[in-house]
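The structure appears right after this line, and notes come after that.
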Amino acid sequence: MQKETGRIFSFYFFLRKKSPRTKVFYLLSWASVVLALIIRAYRLAGNWTETSQVVFQNILMTFFLQFLIIILALFYGSSIVSEELEGKTWPYLSSRPVSQAAIIVGKYLAYLSLTSIMLVSAVVISYLILNLDQDFHLADLGTVVRYSAVLFLGLAAYLSFFTFLGTWLKKPILVGLAFGFGWESIIQYFPGSTQKLSIAHYLKSILPQYTTASGKLGFLFIRLEPTKPLIAILMLLLIVIVFLALAALIFSYKEYLFED
Amino acid sequence: MTAVIEAINLSRWYGHVLGISEVNLEVQAGVTALLGPNGAGKSTLMKIVTGQLKPNIGEVRIFGEKVWNNRHIFRRLGFCPEVDAFYEELSGFEFLSGLLSLYGFSQAECQKRAERALEAVELTEVKNRKIKSYSRGMRQRVKIAQALAHDPEILILDEPLSGLDPLSKRRIIKLIKELKGQGKTILVSSHVLPEVEALTSEIILIHQGKILARGDIYFIRELIDTHPHMIRIKSPQFRELARILAGEDYILDISFRPSEQAVIFETHHRDHFFSRLNELILELSLIIEEITSPDDNLQAVFDYLVGK
């Protein structure tokens, strides 16, 4: 199983890094870099007086956490099965000596790697653009590593969930959009433990230096009642494992048809 | 002889639509053709044989092993699907070596096998071009190459000659015959009798999801020859041609298409008809612009066999 997963991973990492979709999502990810450049120029003109850390946290929360990782995970995760059916390439894959579970896990890992590269490169460069000045210390890089690690965990969890949706539903995009931008946003404004029924809750619980209403865009943030960081990390890992296992299970037993 | 592929009482539905029904089949080494009109159930049968689909009833065994959910069988089986679909961003070489890597071959071995398979289908010169730039014939050949690159004992080729130009067809037919010479078991589907004739004499007739008959090409030909053939000839001298041939006893009916400068003959003896036509072309220096068959002879045979 491990070897088969590795083979699927290598094939799909190579295949998708060349795809037009990947190029589009690279451009989208790097929109944050353009945004960072504009803000930096704006700040240099003396118009935005908050600290660079706060400005970056604004971008992190609004663009990366609440938009980009959901979009990346949705379009890559939900397509794991549908791209083979809609592209009618499924027979090439299903007539090879690899298990169904290896196909799901291998493709999941390949897409997680691809999207992580997009995400982390955009995060690091945006951070540096906003923070690289005379007050910058190498120790500050630790912060960006922590931010990146949280986003990676979020991406892994969303990707796993959307992979599950992709194996289960024929048209997973609409349900995925409703989940990612509906459920995940709305439920966080609910007090008490209801907000724990979202992935975003656990991500925000482990963000470094998180404040509930910092910066100009603070009003967009949730009223977080955080879970303890260790539990939040464990919950995210559990989400990854459970939904990936469910996806592999469904994929192993379900028959997929495409129109000839 | 032990059957390489064995289908036992196979039935498959798509909702309320019948795909195949109670199919029993044994395929031995060599080339066997599955012949039937479009929608006859050929692709459904091939998908079940290759484990793409699960039968509602019955089972398929290859070398005595079940196919459904048995990935190990794919080391011994190569499948060329009918659909013209690819990972378009890859080159022919990347496509093949990528798929070969899924068998666990080393990178060097993948490259060697990919080169060999591309050479077999005469695509070496364009191996580094993206598949999306390939012609229809090249795409069909690269599809066949992916099925044989891992050197399987069984090849399942779904309409491998579909949409190909005559030269490409000849190449593929030659390749399939070479593979037969290597002792492989090849199951080919087609809806065109002359294509099947060029490939093999072992034919299975399938129609409306059922196996109607099985036999050699002469048996099928006999069935076809008992039925009238429609032959449409386009020529500026179509009236003269009709006048001369009207006296022949194998001509059953003649109808004119003046607006198209064409005449349609109905005959129950194709060979005699074409032999006489050749003579007339030479004797009278007739200009023939087009010869076509308006009806589908194969369909006529199937209609006859199912009692329509």
Side-chain angles (χ1 to χ4, degrees), chain A residues 1-24 26 79-107 110 114 170 248-260, chain B residues 12 14-15 19 38-39 42-44 46-56 67-91 94-105 107 110 130-132 143 146-147 150 152 156 158-159:
Chain A
M1 164 83 182
Q2 269 178 318
K3 283 181 180 173
E4 290 172 13
T5 305
R7 289 169 203 153
I8 292 283
F9 169 84
S10 305
F11 180 58
Y12 276 93
F13 186 81
F14 177 75
L15 181 69
R16 296 300 173 216
K17 79 177 180 192
K18 301 180 110 187
S19 73
R21 180 178 62 183
T22 298
K23 287 168 191 161
V24 168
Y26 260 110
S79 72
I80 280 182
V81 176
S82 65
E83 67 188 0
E84 304 289 348
L85 300 178
E86 285 163 17
K88 297 181 178 178
T89 49
W90 175 232
Y92 298 124
L93 193 56
S94 61
S95 60
R96 310 291 152 186
V98 284
S99 70
Q100 311 293 77
I103 291 173
I104 289 295
V105 179
K107 284 188 81 170
L114 271 176
K170 199 172 180 183
L249 194 69
I250 291 172
F251 194 63
S252 299
Y253 290 100
K254 195 172 167 184
E255 186 185 62
Y256 294 92
L257 298 174
F258 58 80
E259 302 293 326
D260 278 314
Chain B
R12 166 77 206 201
Y14 300 96
N38 288 326
K42 303 185 296 291
S43 290
T44 298
M46 290 199 145
K47 282 177 189 165
I48 293 174
V49 168
T50 54
Q52 316 285 307
L53 284 181
K54 189 180 179 185
N56 294 108
V67 173
W68 177 251
N69 253 347
N70 178 10
R71 64 187 188 275
H72 303 294
I73 206 75
F74 295 118
R75 291 192 180 278
R76 306 177 76 178
L77 187 149
F79 177 46
C80 171
E82 183 188 4
V83 289
D84 180 48
F86 293 92
Y87 302 112
E88 303 278 352
E89 297 303 313
L90 298 182
S91 68
E94 288 167 341
F95 177 59
L96 258 66
S97 51
L99 290 177
L100 280 164
S101 70
L102 302 181
Y103 292 85
F105 297 125
Q107 198 183 348
C110 289
K130 284 189 177 179
I131 293 176
K132 66 181 174 189
K143 207 160 68 177
Q146 64 79 32
H150 60 288
I156 310 287
D158 198 355
E159 300 272 1

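Protein chains get the first letters and strands the later ones, always in sequence-line order, with residue 1 at the start of each. Everything numeric here is computed off the predicted structure, so don't read it as measured data.
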Portion of [X] that has a non-hydrogen atom of chain B nearer than 4.5 angstrom:
{"X": "Lys18(A)", "value": "both"}
{"X": "Phe14(A)", "value": "side chain"}
{"X": "Glu83(A)", "value": "neither"}
{"X": "Ser252(A)", "value": "backbone"}

Q) About how many Å separate CH2 of Trp90(A) and NZ of Lys47(B), when rounded to the nearest 0.5 Å? A)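 It is 12.5 Å, given to the nearest 0.5 Å.
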Q: Answer with yes or no after comparing the ring centroid distance for Tyr87(B) and Phe11(A) against a 6.0 Å cut-off, counting only values under it.
A: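 Ring centres of Phe11(A) and Tyr87(B) closer than 6.0 Å.
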Q.
Could you check, using the six-membered ring where one of them is a Trp, whether Tyr92(A) and Phe79(B) have ring centers closer than 6.0 angstrom?
A.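 Not close enough - the centres of the two rings lie 6.0 Å or further apart.
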(Q) Counting heavy-atom pairs closer than 4.5 Å to chain B, which one of Gly6(A), Ser99(A), Pro20(A), Ser10(A) comes out on top? (A)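 Top option by heavy-atom pairs under 4.5 Å: Ser99(A).
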Q.
Please classify the contact of Leu53(B) with chain A as side chain, backbone, both or neither, using a heavy-atom distance under 4.5 Å.
A.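 It is both, since atoms from each part get that close.
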Q | side chain to side chain contact (heavy atoms under 4.5 Å, CB included) between Leu102(B) and Leu93(A), worked out | A | CA-CA 9 Å; Leu102(B) 302 181; Leu93(A) 193 56; 4.1 Å; yes
Q) Is any side-chain heavy atom of Arg75(B) less than 4.5 Å from a side-chain heavy atom of Pro97(A)? A)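 Arg75(B) vs Pro97(A): side chains touch.
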Q) Side chains of Glu89(B) and Arg16(A): closer than 4.5 Å at any heavy-atom pair? A)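 Heavy-atom side-chain distance check fails, nothing below 4.5 Å.
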Q) Which one of Glu94(B), Lys143(B), His150(B), Glu88(B) has the most heavy-atom pairs closer than 4.5 Å to chain A? A)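 Option with the greatest count: Glu94(B).
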Q.
Counting heavy-atom pairs under 4.5 Å with chain A, which one of Asp84(B), Leu77(B), Leu99(B) comes out on top?
A.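 Going by pairs under 4.5 Å, I would pick Leu99(B).
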Q | Check against salt bridge (charged side-chain N to carboxylate O under 4.0 Å, His left out), Glu255(A) and Arg12(B) | A | CA-CA 13 Å; Glu255(A) 186 185 62; Arg12(B) 166 77 206 201; 2.8 Å; yes
Q. Passes side chain to side chain contact (heavy atoms under 4.5 Å, CB included), Arg71(B) versus Gln100(A)? Steps please.
A. CA-CA 9 Å; Arg71(B) 64 187 188 275; Gln100(A) 311 293 77; over 6 Å; no
